[in-house]
Every structure is written in structure tokens, then in C-alpha cells.
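Working notes, beginning with the structure itself.
In what follows, every chain begins at residue 1, and chains take the letters A, B, ... in the order their sequences are listed. Predicted model only: the values in this text are computed from it and were never measured.
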Amino acid sequence: MYLLLSAHADGAALQELTAEGAPSPGASEPWLVSRADLPGVVRQLEGRRPRWIWHRTQDWYPALLRAGVELERCYDLTLCGAILAHSEFTVHTEYARNAERRGQAEALPPPRSLQPAPPPADQDALFETPAAGPADGATQEALRAEYAAQQEALREAGGPASTPAGSTGGVLAGPPESGTAARENDPDRRQRLQLLLAAESAGAMIAAEMQHTGVPWREDLHEQILAGYLGPRPAFGHRPARLEELTSTLRQLLKSPALNPDSPQELMRALHRNGIEVKSTRQWELQESSHPAIEPLLAYKKLARLHAANGWAWLDAWVNDGRFQPEYVVGGVVSGRWASRGGGALQIPRQIRGAVHADPGYKLIVADASQLEPRVLVALARDSKMAEAARDQDLYAGIAAQGFGGDRAQAKIALLGAIYGATTGESGRLMPQLTRTYPRAVGFVEQAARDGETGKTVTTRLGRSSPPTPDGWLRSQQSATADEQRRADAIARSRGRFTRNFVVQGSAADWAACWLAELRRRLRARRAEGAPTGELVFFLHDEVMVHCPENAVEDCVRAIEEAANAAKVLLFGRIPVEFPVSVAVVDSYDHAK
DNA sequence: ACCTTAGGCGCG
DNA sequence: AAAGCGCGCCTAAGGT
């Protein structure tokens, strides 16, 4: 059952649709529900296990969650439309052509503000959209037509026939899925794209649910940590005691009595006056010098960062009643990773992770996918030799053991360098031997890089494609003067590094989205059975955190592991590549790994 | 009194 | 230990 939910006057319109997006035959006219009645109506209809179709999950779901209504599944027209408008799997469809004509503005998620969004002022407000009514282009009929068009594009992805995803990839054989290879008539592609749309929509729900739940955050522990590093809380606008001490030390050592160490320009001049010839004030460059001022300067920078980014002001702004509730921005990164808005949710520094603490009677289960990106590369490239190395829990150790010509540390540097496109340094030097040992894996990312350099599109395993190159990009690659040509070549190489990384990072994001969705499904199932179970509270690219009653830990750990394996099978079939998760059951986040 | 950009650094 | 991908967000600095 498919239910379209759209904003209407002072409430919502509900319409039952077919799977294809036509009005359901035999169903009544669209049904108008007042704002006040909506949570009750939605809760009632949820019993029929519909897929809720809506313009943006963020417009509806947060308010429903505040009203105590949780839903099983949805279809986010904005997120799915953005994928379908650019995917190579649907590039031949009318939907993609229309998206091109409309311009990207409508097809892509709305622009993100750079400033943190303040927490909603009115927590009881049911609608995030203005009371005036639906936004332009988001009327009930427009959304229905949009859904129908997206479903049509999806049906046309790959070809008419279809086979189960698991049945095609049983062995590491056949051409790798990339670039121009294996492009024609691949029925498996439709299923993969469908999976991506479902996972993306599930991700949008999970993001709203995690924001609603929040990360358990002990303000008292956070303040203890700050006091330990910085001294007591200073008066507003003042430096903490420890930073004051370091400032006067630096002023003496650099013979600059008025130095503001927060000013890069002042700092640079002071360093030069003292014979410290750096070109920037970055940590790694400062570390080269042995001047006595360097150690306190690096200490200052470290602590100043803590104070500015995650100090008392941050605590006041972002933690309430023992919960940190950041906004996750699904689809916020071109590769399919999530971004976040407010509070730097995806950059919680190790220094303060001790403040993330389970409630009494609960544990934090922190699980991360070990060496996810290299393992995804093995699967994408179908490199059976590297797959053998990936059989082990430690892929890098496996590579070293296979005699690629270096130790574990070098194996890691070389492989990450291949994924990022390193050309110089140790990573660059190790590339030839890595290529000799694993021609398929290296060849795969090299092909992605060549595609980017020549302006082609690359695509993740589930069908998310790299953003189009700007108009005139190819022409700008042919330049008249040698200087312009050098610049054009540099831009092309940069694009190549981006597409090289995109296929791996993006396919890893595909995997992580499926992992999350599969985990959510399992946790919900357990809860429906009435069993105690944990809640997803945090997600960071290849890592999840579940806040879990102690008596449900074992069960949740199993769910996390099952979900990881399910994600692998969904993406790649039953291939002989492991995607192990490392799981820590802890009271506080700083004790995980 | 604002707004944008650059340098820097946190995370994966 | 350091140059190669993706982000958000702090302060300073340089606009308007």
C-alpha cells in the first residue's frame, strides 16, 4: 500500500496510490486531515504497513516523532529524485532528460545554510512548512505525478527482465562494474537502484529518529574533561586559565608582548622574528622546528581548538537534558555520505568522547566496519587475490603476508593512496608494487580516475553517479597557451582523484546505508515482539552507536553483525569477501576502540 | 554592522 | 610520519 502525504491548507492531504503512482482504483478521493488529527490518523493507517510517500522526510517525520508516531517505511521524493536525475542507470530515461531541462536546482536537495539551524522554537508545531500551504511545485497532484515519473524511470533502469541480486554475483568473476564496461542491458541494475532508493529513504527516517532520540551526553562529565584540560570555566569572552598561561609563555618565548596566538598573521610574523622560517602555521609544519616556543604553541593550538569547538559554549548550545541532538543531512555529500548541521556532529573529537555515556542500566554498543573502503574496492574490482587477503580480520596484514613487498603499515599507506590518488611521498612510491600484486583492484580505481579526467561520469555499486561536469568543462581542457594547459591538466587530474575516490567512498556509503536500514529493521522487529532492545543514536560513515538496555546487548550485537552481512549480500551477492564489524560494548564512547 | 573568504583542524 | 578524498565549523581578515 502506497500513501501519498502532502501539505494542504491547514493540514494534510492523503491519497492512496498504486505501486506505479496512479491513483488507486476504488480508493476514495484524496482525504483531507487537519493538523491536529494527523498523528492519530497516520498512526491508525500505519497498521496497514503502507509506504509513506512525501516530498521531504524532514517536513513530516520529526513532528510525527514528537507526537509519538514511528513509521516503518517511506519514499522521500526529493532524495530519490536527486539520485534518479543523475544516475547513469537512468540516464536514458525521460525523467533524467526532464531533470536536465528543469535544471539541477529542483532535482537536488535544497541548499544548506552554513550557520547552525537553531533548535525548532515551537516543539509542538506539527508542520515544518509555513502554515500558508504547500510550497510551489509540492501540491498533491504535482507530488503524485513526480512519484509516478520516478517509478517509471526506475522501471526503465537496466532493462526489462530481472533476476535476484544475489544470483548474479556468486563468484568473483566477470568484468568489474565500472565506467563504460558492462553498461548495456543489465537487469540487475534496476534492483540495485531500487535498493538504493529504499536505503536512502530509510536513511532519512533513521536520521530523523536519531535526531529525535539524541546521543546520551553527560554534561557533568564534559565539564570535568574541560576543567582538566583548560581550567575552570572562564567568564564570558575570556580565555580559560590554561590558555592564558600558554599565551604569556608564548609572548615571552617569542618576545612579542602583545601576541594574539589566534591570529595566524601575528603568529607568523612573531615566528619569523625568532628565526622560525615556516610558510604556514599548520601543526605538521611547526613540528619540523625545534625552537622552544613550538611545544607550548602546539599545546595552545590543541587546547584553543577544544575550547572554541567543543567547549562550554558548545555544551550550552547543543546539549539539553542529557542529549546531543544534531541534525543529520542525508544526501548532503555527493558520494552519498551524510553531512550534518549544527554542533559538528560528525567531528566529535576523541578528547571529549568520555562525555558520551550510557544511561544507568544501559550500554553503548559502538560498532564500526573494519577497513570498509578497501574491502568495498576488492568487491567492486572482483580482485580474487586481494579477496584472499580480505579473508582475514586485518586486510592490511593480509596484503603484507601475500608479499606485495612491504610490511603492514606500508600496505595500508599504499592501498589508501590508491583510493585517494596519491602520486608523491611514500604512498606514491609504493604504487608500482601494489599494481603488480593487485592489477585488478588498482586497475579499477585507475579506470575511475581516467573517466573523471576525460569528463565521464562514474557510478557507485547501487547506482549513485558522480555529479555532472560543469558546462564547457571539456572545451576548457583544450587550451591555447602552455600555462593555461598546465592549469587545465591540473583541474583534470583533480577531477580524476575525485571520481577515483567517488566510486569507493560512494559504494561504501551504499553499503553503510543498507547496513543501517537492515539494522533498523531488526531492532524494530525485536521491539514489535516485545523484547527489550536498543536504539540507534549515532551514525558516522562506517560506524554506528546503539544505546541499549544491558539485558538486550547480546541480541543487539547479533543484529549489528547480521545487518552487516545482509548489506554485503544486498550489494554484491554471496561473494567470498568479508565485511567484518568490530564491536565494543562500553559505558562511555572513549572506551570504544 | 553585517557578509564572505581563508587558514586551520576536527572527523571518516 | 604525511599528501591524496569527502565533510563542518571555529576565528581572523578582508570586504561591502
Compare side-chain N and O positions of A/Lys301 against OP1 and OP2 of B/dG8 and report whether any pair is under 4.0 Å apart.
-> no
With distance as the sole criterion, do the side chain of A/Arg305 and the base of B/dC9 form a donor-acceptor contact below 3.5 Å?
-> yes
N/O (side chain, A/Gln283) to phosphate O (OP1/OP2, B/dG8) under 4.0 Å = no
Under 4.0 Å between a side-chain N or O of A/Asn310 and OP1 or OP2 of B/dG10?
-> no
Round to a whole Å and report the spacing from CD of A/Glu373 to P of C/dG4.
-> 18 Å
Using a 4.0 Å heavy-atom cut-off across all strands, classify A/Arg353 as base, sugar-phosphate, or nothing.
-> sugar-phosphate
Select one nucleotide: of B/dC11, C/dA13, B/dG10, the one nearest the side-chain heavy atoms of A/Ser263.
-> C/dA13
Would you please classify the geometry between the A/Trp217 ring and the A/His222 ring as parallel, tilted or perpendicular, with 30° and 60° separating the classes?
-> tilted
Would you say the base of C/dG4 and the side-chain of A/Arg500 have a donor-acceptor pair closer than 3.5 Å?
-> no
A/Thr424 has a side chain; which of B/dC11, C/dA3, C/dG6 sits nearest to it?
-> C/dA3
Could you tell me whether the side chain of A/Val215 reaches within less than 4.5 Å of the side chain of A/Val319, counting heavy atoms only?
-> no
Tell me whether the OP1 or OP2 atom of C/dC7 has a side-chain N or O from A/Gln505 closer than 4.0 Å.
-> no
A/Ala339 has a side chain; which of C/dC7, B/dC9, B/dG12 sits nearest to it?
-> C/dC7
So, is A/Arg282 near the phosphate of B/dG8, with a side-chain N or O under 4.0 Å from OP1 or OP2?
-> yes
Salt-bridge present (A/Asp587, A/Lys363; N to O < 4.0 Å) | yes
Check the side chains of A/Arg350 and A/Tyr589 for a donor-acceptor pair under 3.5 angstrom, ignoring hydrogens and angles.
-> no
Please figure out whether A/Val334 or A/Ala409 has its closest DNA chain C nucleotide nearer the 5' end.
-> A/Ala409
Considering only B/dC9, C/dA1, B/dG12, which nucleotide approaches the side chain of A/Ile413 most closely?
-> C/dA1
In the structure shown, which nucleotide is the Watson-Crick or G-U wobble counterpart of C/dG4, with both distances under 3.5 Å?
-> none
Look up atom CE in A/Met545 and atom CZ in A/Phe539, then write down how far apart they are to the nearest 0.5 Å.
-> 13.0 Å
Counting just side-chain N and O atoms, does A/Arg497 come under 4.0 Å of either OP1 or OP2 of C/dG4?
-> no
Any idea which of B/dC11, C/dC5, C/dG4 is nearest the A/Ser427 side chain?
-> C/dG4
Sugar-phosphate, base or nothing in reach of A/Asp368, heavy atoms under 4.0 Å = nothing
If you find the nucleotide of DNA chain C closest to A/Trp284 and the one closest to A/Ala308, which residue's nucleotide is nearer the 5' end?
-> A/Trp284
